[in-house]
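Everything below concerns the one structure shown next.
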Amino acid sequence: MNRQENLRRLEQKAPYDLIIIGGGATGCGTALDAASRGLKVALVEQNDFAEGTSSRSTKLVHGGVRYLEKAVRKLDRTQFDLVREGLHERALLLHNARHLARRLELITPLYSWHEIPYIFSGLKLYDLLAGSRRLGHSRLLSRSETLRRLPGINARGLKAGVLYYDGQFHDARLALALALSAESLGAAICNHLKVTGFLNQDGQISGVIAKDRFTAQALKLKARGVINATGPFCDQLRGLDDPQAKPLLTTSSGIHIVLDKAHFPASAGLMIPQTDDGRVLFALPWENQVLIGTTDEPAQLSEHPCPLEKEIDYLLHHLANYLAKPLTRQDIKAAWSGLRPLVSDPDAADTAELVREHLIQTSASGLVTICGGKWTTYRKMAEDCLDHALRTFPLAADHRECRTKNLAILGAFDYSDDLTRQLENDFAVAGDIADYLCRNYGDQAPKILQCSDQDARQRLHPEHPVLNAEILYSIHCEHAQRAIDVLARRTPLALIDQRAAVQSSEKVISIMAKELNWSEQRCTEERQICISRLRKAL
Ligand code: FAD
């Protein structure tokens, strides 16, 4: 379906039971929950799905080791419950999106003897809270075992290590898979469509006014209920409803940098529990590179936040203590920044002290806002939001109970570990390509290869397993509208190697121009967006 048809369909299907604003983890998860309960849903996103915070996370599915530390230090029951809930959701996510999420070994290297009992017992407690859903048993590693499992780490003064387990996932593709799963259950989904106002009837919100960001065409979409799931932007939307509304959020930025695997060729991740300013730092294997993050700096709201020099320096400086080889700016292959939507606590002096819990609030005119939380708990947030919406709006859902606990996400239905070998045999593709396609598309991977000619089966860039065929697939099956949608979210190229993404942008634009009938002017605009986003680091 092309964009014009999609917009027409979006208008024709109105009125909706629910319109959900925001296509990040929260909005896509909420749309899927609503569609799976049999509600008539529309999901609208001002940029691309997951273009906000939800493609800029550390990509960990976790209970939150750091919250656990707080729980122990403050003997705070709420924090324990938060960790337990995160661990429960971790298990569900790893099962329901098993092509996009997997177990990851993490190791904390220990450089002083007195740390060992503290860290080890903390991680044992993490296992205990996960109960039967734990992903493995945490254990103490000898110095030599730690060095063997973490090649590239600084050996000087190393005493031991502690091994534990969490999950790792592909955030941008999970958000998209949630939106597409909702679509397959009847939801209307549309990206690059910005909500600019609300429709009102008798003082109650009765729909949204949304503007197509390509043509400026305004759409009026009616609904029984409207949900504001705009993450860091939620106060902006609340302001459109009620200019006097007090802010619910503060935002802080967190950046990541990506290095070549040669700097840290470990298959396990490195978890630094406490930097000298008290933060947690990770160096994780991801898409055949090393992902390092993150920072925590108070930040202004922006659609495209950029990593600050001081944030990059911070990561390089702190990581230098843990890696054997020194790092320089030139070693960075990609960097990006994301904004944390943090539920405000006026008494907290530091954003790292704010609790990452979600909040659901209804305004006097009936706008339901859901914000806060973390990626790992998107499903529970959506469940709570829908339960709340069913109490708030006059909705006749086929199913009043949540159905997402055991709902396989698109790509996971027929996914099995044999799929990689099957792709290699059936389509004669290289092992790294088969592996990459399976991990990103799950049981949809054969579709990409089935409909592709010889050129389509070529690599988009010689150093990465991304294929030209994915460009066609993402246009026709995944709502990609811009070249940067393909480079930064349908494929991970821009997030792992910005130079390769710049080099590939011309090919992406030429294929999209042909398929979507772009004018020369549109191609120039796409070129400018790609270059400026990639140069400024997304
Ligand atoms: P967003 O992803 O920002 O989505 C909101 C969307 O609303 C945006 O796409 C925006 O464009 C859209 N929008 C705004 N205004 C409008 C409008 N007017 N009309 C239409 N659409 C609009 N969590 C984990 O579980 N694991 C991690 O490892 C992890 N790491 C993190 C690392 C960092 C640096 C950060 C910042 C967060 C991390 N998180 C992690 C938290 C997690 O990423 C966020 O909680 C989650 O992505 C928030 O999703 P969201 O949908 O609420 O917000």
Side-chain angles (χ1 to χ4, degrees), residues 19-31 42-67 86 89-90 93 101 104 166-169 171-172 174-175 178-179 190-198 208-211 213 226-240 249 251-256 269 280 282 284 286 291-297 299 301-305 307 311 315 336-343 351 356-359 369-379 381-382 385 489:
I19 292 178
I20 293 150
I21 314 169
T26 310
C28 295
T30 304
L43 170 69
V44 295
E45 161 56 47
Q46 66 175 355
N47 292 312
D48 188 20
F49 300 114
E51 186 160 341
T53 306
S54 296
S55 59
R56 295 149 189 268
S57 80
T58 311
K59 297 154 208 329
L60 285 173
V61 196
H62 64 140
V65 172
R66 168 197 169 147
Y67 313 141
E89 291 300 320
R90 178 183 76 176
L93 198 158
L104 179 70
D166 250 326
Q168 187 180 40
F169 75 122
D171 52 6
L174 180 58
L178 292 171
C190 193
N191 52 1
H192 300 283
L193 188 70
K194 177 174 178 151
V195 170
T196 54
F198 294 107
V208 304
I209 303 167
K211 199 160 105 182
R213 292 197 102 176
V226 175
I227 294 177
N228 169 15
T230 55
F233 294 84
C234 86
D235 286 328
Q236 224 175 52
L237 272 284
R238 291 173 61 249
L240 290 179
L249 289 187
T251 45
S252 81
S253 70
I255 74 150
H256 292 87
V280 181
F282 292 97
L284 308 171
W286 190 64
L291 174 66
I292 292 151
T294 181
T295 53
D296 201 340
E297 286 287 321
L301 196 58
S302 158
E303 278 183 40
H304 297 106
E311 290 179 292
L315 291 183
W336 71 85
S337 172
L339 295 180
R340 290 184 187 84
L342 302 172
V343 177
T351 54
R356 265 81 167 162
E357 250 181 324
H358 64 273
L359 180 139
T369 293
I370 169 144
C371 58
K374 60 182 178 188
W375 234 124
T376 307
T377 51
Y378 82 90
R379 196 210 59 80
M381 291 171 70
C385 184
R489 286 164 295 277

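Computed from a predicted model, the values in this text were never measured in an experiment. Both counts, for ligands and for their atoms, begin at 1 and track the order of listing. Just so you know, residue 1 is the first one in the sequence shown, and it goes up from there. Only this structure's heavy atoms are used, side chains among them; waters, hydrogens and symmetry mates stay out.
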Separation between NE2 of His62 and OG1 of Thr377, rounded to the nearest 0.5 Å: 8.5 Å
Kindly identify the option in Thr376, Thr377, Thr230 whose heavy atom sits closest to atom 25 (O) of ligand 1. Thr376
May I ask you to list the atoms of ligand 1 that are less than 4.0 angstrom from any heavy atom of Lys194? 18 (N), 19 (N)
d(Ile370 CD1, Ile227 CD1) to nearest 0.5 Å is 8.0 Å
Could you tell me if the side chain of Asp166 sits less than 4.5 Å from the side chain of Leu104, heavy atoms only? no
With nothing but distance in play, are any N or O atoms of Glu51 less than 3.5 Å from an N or O of ligand 1? no
Shortest non-hydrogen pair, Thr251 vs Ala299, comes out as OG1-O, 2.8 Å
What are the atoms of ligand 1, with element, lying closer than 4.0 Å to any heavy atom of Leu60? 24 (C), 25 (O), 26 (N), 27 (C), 28 (O)
Of the choices Gly24, Ala299, Ser54, which has the non-hydrogen atom that lies closest to atom 49 (O) of ligand 1? Ser54
Work out which heavy atom in Ser302 is nearest to a heavy atom in Phe233; give both atom names and the distance. O-CZ, 3.7 Å
Taking heavy atoms and a distance under 4.0 Å, where does Val61 meet ligand 1: side chain, backbone, both or neither? neither
shortest atom 52 (O) of ligand 1-to-protein heavy-atom contact is with Thr26 OG1, 2.7 Å
With a 4.0 Å cut-off on heavy atoms, is His256 touching ligand 1? yes
So, the side chain of Arg56 versus the backbone of Ser337: is there a donor-acceptor pair under 3.5 Å, distance only? yes
So, the side chain of Lys374 versus the backbone of His358: is there a donor-acceptor pair under 3.5 Å, distance only? no
Is there a donor-acceptor contact under 3.5 Å linking the side chains of Arg340 and Ser252? yes
Whether the side chain of Thr30 engages the backbone of Ala382 through a donor-acceptor N/O pair (distance < 3.5 Å, no angle test) should be reported. no
Per-atom contacts of ligand 1 with Thr294, taking only distances under 4.0 Å to non-hydrogen atoms: 34 (C)
Is there at least one pair of N or O atoms, one from Ala25 and one from ligand 1, spaced under 3.5 Å apart? yes
Contacting atoms of ligand 1, where contact means under 4.0 angstrom from a heavy atom of Gly338: 36 (C)
Location of contacts on Ala229 toward ligand 1, heavy atoms closer than 4.0 Å: backbone
Hey, is ligand 1 close enough to Thr58 that some N/O pair sits below 3.5 Å? yes
Atom 35 (C) of ligand 1: which protein heavy atom is closest, and how many Å away? Arg340 CG, 3.8 Å
Indicate, as side chain, backbone, both or neither, the part of Arg56 found under 4.0 angstrom from ligand 1 when only non-hydrogen atoms are considered. backbone
Supply the atom-to-atom distance His256 NE2 to Leu284 CG, rounded to the nearest 0.5 angstrom. 8.0 Å
Of Val195, Leu284, Thr196, which has the heavy atom at the shortest distance from atom 17 (C) of ligand 1? Val195
N/O of Glu45 under 3.5 Å from N/O of ligand 1, yes or no? yes
Could Arg489 and Glu45 be called an ion pair, given the rule that one side-chain N must be under 4.0 Å from one carboxylate O? no
Could you tell me, atom by atom, which parts of ligand 1 come under 4.0 Å of a heavy atom of Gly373? 45 (O)
May I ask which of Val44, Asn191, Leu342, Thr53 has a heavy atom nearer to atom 44 (C) of ligand 1 than the others do? Thr53
Find all atoms of ligand 1 within a distance of less than 4.0 Å from any non-hydrogen atom belonging to Leu339, and give their numbers and elements. 36 (C)
Just to be sure I'm reading this right: ignoring hydrogens, which of Phe282, Tyr378, Trp375 gets closest to atom 41 (C) of ligand 1? Compare them by their nearest heavy atoms. Trp375
So, Gln236 versus Thr230: side-chain donor-acceptor pair below 3.5 Å or not? no
For residues Glu311 and Ser253, report the shortest heavy-atom separation together with the two atoms involved. OE2-OG, 2.8 Å
